[in-house]
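Structure, as structure tokens:
The shown structure was predicted, so the numbers you read here are calculated from the model rather than taken from an experiment. In what follows, every heavy atom counts, from backbone to side chain, and hydrogens, waters and symmetry copies are set aside.
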Amino acid sequence: MVCERLRRTRADHGTLHVLRQGFEMLGLRRPIAMAQFKPALAMNAELQAKYAANRLRVVRQLRYSLHNENCLDLGLFVNGIPVATCEIKTDYTQAVEDAVLQYRKDRPPRVAGSNAVEPLLAFPQGALVHFALSNSAVRMTTKLEGFDTVFLPFDQGDAGAAGNPPNLQGYATDYLWKAVWARDSWLEILGRYIVPRKNDARQLVNTVFPRYHQLDATRAIVAAVRRDGPGDKYLIQHSAGSGKTNSIAWTAHFLADLHDADNRKVFDTVVVVSDRTVLDDQLQEAIMGFERTQGVVAVVKGEGASKSQELAEALAAGKKIVVCTLQTFPRALDKVRELAATEGKRFAVIADEAHSSQTNETAAKLKEVLSPTELAELEDGGEFDTEDLLAAQMQAKAAGKELGITFVAFTATPKDKTLQLFGTRPDPARPPADDNLPVPFHVYSMRQAIEEGFILDVLQNYTSYKVAFNLAHEGGTRYSEVDRETAMKGIMGWVRLHEYNIAQRVHIVVEHFRLHVAPLLGGQAKAMVVTASRKEAVRWQLAMRRYIAEHGYRIETLVAFSGEVEDPDSAPEPLAETSARMNPRLRGRGIREAFKGGDYAILLVANKFQTGFDEPLLCGMYVDKRLAGIQAVQTLSRLNRAHPGKDTTYVVDFVNDPDEVLAAFRVYHTTAELAGVSDPEQIYTLRAKLDGLGFYDSFEVDRVVEVVLRGKDQSALDRALVPVADRLIKRHAAAWRWTPGRANTSSSPAAPAAARCATSTRRRSTRSSRG
């Protein structure tokens, strides 16, 4: 009877619910607990004893079905409840992809030909996570769906790239069982990290298991604060596609519950600064998944004076987590400083990448930290971000060890001032210097996100207008008559263009969009036009709508800018983005909402939506604005969001130099590739050449031979082979690496895709943008 009630609770509410909440039975005053997770306080001896009593088991060659003889390589259990499965492959005979295929093909969650489920594999009553493991790579999924199953990388990363670094003590993937599956680590993941995901009907549809970099970063922050105490600053440089929302939710929850060695609460309140509307709900949902307590998260949403009062009350009342917007943050920080100074309260501030338009309250402070170019854009209706505001606030008032305020900043593309402000110096006792430069506390690079398939490489099809024009004439200035259709399809009419004016560029943009972008994603692909000012955006919109109407195209455009624009040449009255002449079919919707619908294909922007705007359907971008440094990265990265079927993007740049754009991206993303091919028929010639290069010695060769002849210890084979292979591959990659000032146009796979595309539109990278 007890087992049947347990089975039904798992089927109705899932394994995670049973582990964390137990299951109920008639006649019992409280649920039957199936696990005890580590309490935040170490003072309760009874809870500590229950935690120590948890029984974790690993079963090899686990036969899981009553309908076949299939078996899983490993099954992990907590107190008899299955929590994980694993299929293992060796790189010497198979690869991690074979384990993934085995799950998709041979491990269906339902029995073929019937409605019966496999209790160990079905969702939500089955294991919480399924791992595919090899010597060199780890993949994982939380929901098996046959061939539709999505596996995510669970690798450490290798020097900014995907994969795992060589391990001189064993397998490159032994961190999985030595660290992740270690008793305390594994129980913490089960008890605090896994997040249930529910639909609008509050039905459980999936769970979120942390990716390795999320696990590593959040644990590193907690360990540093526990070791050094409150008052330090931490910069987390995580690329788009890293899952920052979940990382922030976990960090907020862990810091809110953190206690020091004396069992004293480290922080009275954690303040989260974010304009992500989804973050509020995810924070609430995540916290409720950890604690069955209402009101631990306060979200400041009031307007005007009520917002300040709401914020002050939440902070004074000691709410565990307070979420506020970028606009509210200056008031929040002032209140935090006040309470820290007068009442000795301690706070953690987690700053997400957020963007907002100018306000009178922040304008004066921002002028102290923004460059003349940034100020000019701000005055033209542009946006400022969290980094700018934090820099202004920090310069204006003291904060840190003396007040016990800890700052954690999450950003994909930190500015120099952010690195100086939040970066970690190798030697904290010394001031910043050339040999003691501040660096991010934790990094998940753009390159790794691209190679792991979470974002796309937006430089893959980057084309400079000038380069395309010159290539159309093969470097000369002469014209030749060509068939119009051929010219339009080949170079979109560029051979007939001389001057850079809006009418000509509108022609290029619309025709390029029709021929190359619009057919993508089953006809749902969208594009963005980046203009240099609000006035130019107004004229672009009018010219584009006129051109589209004249040609009878069915393309709808939107224009986005802040405030009003006075342009007598365009209209006698001031124009706003809500004006009928600008966006006549908004019907009360905001620009974001309208563009996400199916009505609009092209969005024109002026100092707006260039940062902090996520639209996965964006596949094309047309740049008519000077972009320098980080602004180039942030703007072009609007294209990199992954979407089913999205494997390419297009950028046409009318203004910027390709080498400068590439240099900007290199700060955050390395484009070097690894490649190597061996020919079995020329093994002796190849051996002679390799011996002559001196990349290895006879001792290393003998060691490999000895291990192979012994034929028992694959870990020893990894220790012998991986260091040599890693050294060879990295030297090969370094030999092809592109250097500034010299465009490498080699057809070698190791030549950076971005450099090839920037120097020749006739060469298209064959490398998958998903790594």
Side-chain angles (χ1 to χ4, degrees), residues 15-16 56-78 80-112 116-156 162-164 167 170-182 185-186 189-190 193-194 206-212 215 452-453 712-715 717-718 722 771:
T15 299
L16 187 62
L56 280 66
R57 293 289 182 265
V58 179
V59 179
R60 295 179 59 190
Q61 297 302 307
L62 176 61
R63 296 191 181 276
Y64 62 88
S65 178
L66 297 175
H67 306 277
N68 55 60
E69 294 298 312
N70 291 348
C71 64
L72 292 150
D73 289 333
L74 293 180
L76 277 62
F77 295 80
V78 173
I81 303 295
V83 292
T85 71
C86 183
E87 291 288 1
I88 306 173
K89 305 298 176 186
T90 170
D91 288 332
Y92 302 108
T93 57
Q94 292 179 296
V96 71
E97 288 76 15
D98 294 291
V100 169
L101 179 62
Q102 189 171 19
Y103 269 116
R104 288 173 172 164
K105 180 182 178 183
D106 301 328
R107 304 289 181 262
R110 290 187 174 275
V111 179
V117 300
E118 296 287 6
L120 191 66
L121 303 180
F123 182 87
Q125 65 264 49
L128 297 170
V129 60
H130 308 276
F131 290 98
L133 171 67
S134 76
N135 307 53
S136 58
V138 184
R139 303 288 181 266
M140 60 91 175
T141 186
T142 58
K143 190 175 184 179
L144 294 174
E145 299 179 284
F147 282 99
D148 294 328
T149 304
V150 176
F151 275 83
L152 303 180
F154 194 75
D155 295 329
Q156 300 174 90
N164 292 297
N167 181 4
Y171 295 114
T173 55
D174 66 9
Y175 63 90
L176 181 63
W177 59 89
K178 289 183 177 179
V180 177
W181 289 350
S185 168
W186 189 234
I189 291 171
L190 298 176
Y193 273 96
I194 301 179
N206 207 337
T207 56
V208 175
F209 192 90
R211 288 152 61 188
Y212 184 83
L215 191 66
E452 291 185 343
K712 293 182 179 180
D713 190 352
Q714 287 192 4
S715 176
L717 184 59
D718 261 24
V722 172

Please report the closest heavy-atom contact between Ala95 and Asp91, naming both atoms and the distance.
CA-OD1, 4.0 Å
Beyond-backbone contact of Phe123 with Thr207, side-chain heavy atoms, under 4.5 angstrom:
yes
Main chain of Glu145, side chain of Arg104: is a donor-acceptor contact present, judged purely on distance under 3.5 Å?
no
Would you say that Asp155 contacts Arg139 through its side chain, given a criterion of any heavy-atom pair below 4.5 Å between the two side chains?
yes
Reported NZ-to-CG distance for the pair Lys89 and Asp73, which is rounded to 0.5 angstrom:
6.0 Å
Are Thr141 and His130 close enough that a side-chain donor and a side-chain acceptor fall under 3.5 Å?
no
If you compare all heavy atoms of Val129 against all heavy atoms of Met140, which two are closest, and at what distance to 0.1 Å?
CG2-CB, 4.0 Å
Is the ring pair Phe209/Phe131 parallel, tilted or perpendicular, if the boundaries are 30 and 60 degrees?
perpendicular
Between Tyr171 and Ser715, what is the shortest heavy-atom contact and its length?
OH-N, 3.0 Å
Once rounded to the nearest 0.5 Å, what's the spacing between atom CD of Gln102 and atom CG of Asn70?
8.5 Å
Please check if the side chain of Thr173 supplies one atom and the backbone of Ser134 the other of a donor-acceptor pair under 3.5 Å.
yes
Of all the heavy-atom pairs spanning Phe154 and Arg211, show the shortest one and how long it is.
CE1-C, 3.9 Å
Report yes if the side chains of Glu118 and Arg107 come closer than 4.5 Å at any heavy-atom pair, otherwise no.
no
Taking side chain as C-beta onward, heavy atoms only, is Tyr175 less than 4.5 Å from Asn167?
no
Heavy-atom closest pair (Ala172 atom, Asp718 atom, distance to 0.1 Å) is N-OD2, 4.0 Å
Within this structure, what is the CH2-CG distance for the pair Trp186 and Leu56, rounded to the nearest 0.5 Å?
9.0 Å
List the steps and the verdict of side chain to side chain contact (heavy atoms under 4.5 Å, CB included) for Leu72 and Leu121.
CA-CA 11 Å; Leu72 292 150; Leu121 303 180; 4.2 Å; yes
From CD1 (Ile189) to CD1 (Ile194), nearest 0.5 Å:
7.5 Å
Mind checking whether Lys143 and Thr149 have side chains closer than 4.5 Å, heavy atoms only?
no
Would a 4.5 Å heavy-atom cut-off, applied to side chains only, mark Trp177 and Val58 as touching?
no
Backbone N or O of Ala122 within a donor-acceptor pair of the Arg110 side chain at under 3.5 Å?
no
Should Cys71 and Arg63 count as side-chain neighbours, where that means a heavy-atom distance under 4.5 Å?
yes
Between Leu120 and Leu62, which heavy-atom pair has the shortest distance, and what is it?
CD2-CD2, 3.6 Å
Leu74 vs Arg60 side-chain heavy atoms within contact, under 4.5 Å
yes
When rounded to the nearest 0.5 Å, the distance separating OH of Tyr103 from CZ of Phe147 is 15.5 Å
Inter-residue atom distance Leu133.CG - Thr90.OG1, 0.5 Å rounding:
10.0 Å
